[in-house]
Amino acid sequence: MKIYFELNGESRYEEIEPGESLLSLLRRVGMRSVKSGCETGDCGVCTVLVNGRAVRSCTTFAAQVRGKRVTTVEGLGDVDDPHPLQEAFVEAGAVQCGYCTPGMILVAYELLSENDNPTPEEVRAAITGNLCRCTGYVAIVDAVLLAAEWKREGKWR
Ligand code: FES
Ligand code: FES
């Protein structure tokens, strides 16, 4: 079966297998920022945005994004042209192994799209379903608050 969807602003028409997960599809088409972890919806490393909402791609069928907008970290920025959220994570020292980082950045992007002046408690609530075994979360919360500050200052594109 083929489905049409938008991936990071580009139209895609991809063949999918019956029952294939969105995680599998995105990895197959080269979105290596989308990580595989528990594959049971518990760790958040596979998070992507679908029509601007954070979803677990491991527990989402590829067929469910038919006609929808999918955003991965590749759609925000890269090493040569990072998004301010990515820069904030580096600035705050919120990246260690980096495995959780794409999912963290996308849940933060969803939060800051709706609220560019969150409290630390609101940031913690937003990332609560995303596990990080390296940082202890403090630097991640600092990074999101820094990105929010930059957004309020008009530094986001
Ligand atoms: S791999 Fe999807 S939530 Fe863990
Ligand atoms: S930086 Fe290693 S899991 Fe979060």
Side-chain angles (χ1 to χ4, degrees), residues 3 5-8 12 14-66 68-114 118-151:
I3 61 163
F5 65 109
E6 191 182 296
L7 177 57
N8 297 329
R12 303 293 291 243
E14 297 288 345
E15 189 76 43
I16 62 168
E17 299 295 323
E20 183 173 12
S21 69
L22 180 58
L23 170 62
S24 166
L25 170 63
L26 292 173
R27 296 279 304 177
R28 195 157 54 71
V29 300
M31 297 299 107
R32 298 309 166 106
S33 73
V34 187
K35 301 294 186 244
S36 175
C38 64
E39 299 203 15
T40 53
D42 295 311
C43 74
V45 298
C46 66
T47 300
V48 300
L49 301 180
V50 176
N51 286 354
R53 312 304 306 188
V55 304
R56 312 275 205 228
S57 63
C58 69
T59 53
T60 301
F61 288 121
Q64 288 175 269
V65 301
R66 176 185 293 145
K68 296 184 177 166
R69 278 182 294 114
V70 178
T71 306
T72 69
V73 158
E74 286 87 345
L76 298 190
D78 58 25
V79 173
D80 297 324
D81 185 22
H83 187 278
L85 247 173
Q86 293 170 301
E87 290 187 288
F89 268 66
V90 173
E91 179 81 17
V95 182
Q96 288 188 31
C97 81
Y99 207 74
C100 71
T101 308
M104 290 289 185
I105 285 178
L106 290 173
V107 293
Y109 188 91
E110 180 190 33
L111 170 69
L112 300 185
S113 296
E114 297 169 346
T119 64
E121 290 70 29
E122 287 171 325
V123 174
R124 282 194 280 273
I127 66 169
T128 194
N130 289 60
L131 304 183
C132 175
R133 61 184 179 183
C134 304
T135 66
Y137 302 98
V138 173
I140 292 174
V141 173
D142 289 346
V144 179
L145 293 172
L146 178 61
E149 188 181 316
W150 288 349
K151 189 172 189 201

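Counting starts at 1 for both ligands and their atoms, in listed order. Residues: numbered from 1 along the sequence shown.
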Give, rounded to 10 degrees, the angle between SG (Cys97) and SG (Cys134) as seen from atom 2 (Fe) of ligand 2. 100°
Is Phe5 atom CZ crowded by more than 12 heavy atoms from other residues, nucleotides or ligands, each under 6.0 Å away? yes
Under a 4.5 Å cut-off applied to non-hydrogen side-chain atoms, are Cys132 and Tyr137 in contact? yes
Would you call Ser21 and Cys58 a side-chain contact if the rule is heavy atoms closer than 4.5 Å? no
Could you please provide the protein residues found below 4.0 Å of ligand 1 on a heavy-atom basis, arranged by chain and number? Gly37, Cys38, Glu39, Gly41, Asp42, Cys43, Gly44, Cys46, Arg56, Cys58
Using distance alone, with no hydrogens and no angle criterion, decide if Ser33 and Glu74 have a side-chain donor and acceptor under 3.5 Å apart. yes
Atoms of ligand 2 less than 4.0 Å from Gly98 heavy atoms? 1 (S), 2 (Fe)
With Leu49 as partner, the option from Asn8, Val73, Leu106, Thr72 fulfilling side chain to side chain contact (heavy atoms under 4.5 Å, CB included) is Leu106
Flag for Gln64-Thr60: side-chain donor and acceptor within less than 3.5 Å: no
Provide the number and element of each atom of ligand 2 under 4.0 Å from a heavy atom of Cys132. 1 (S), 3 (S), 4 (Fe)
With heavy-atom distances below 4.5 Å as the criterion, would you say the side chains of Glu122 and Thr119 are in contact? yes
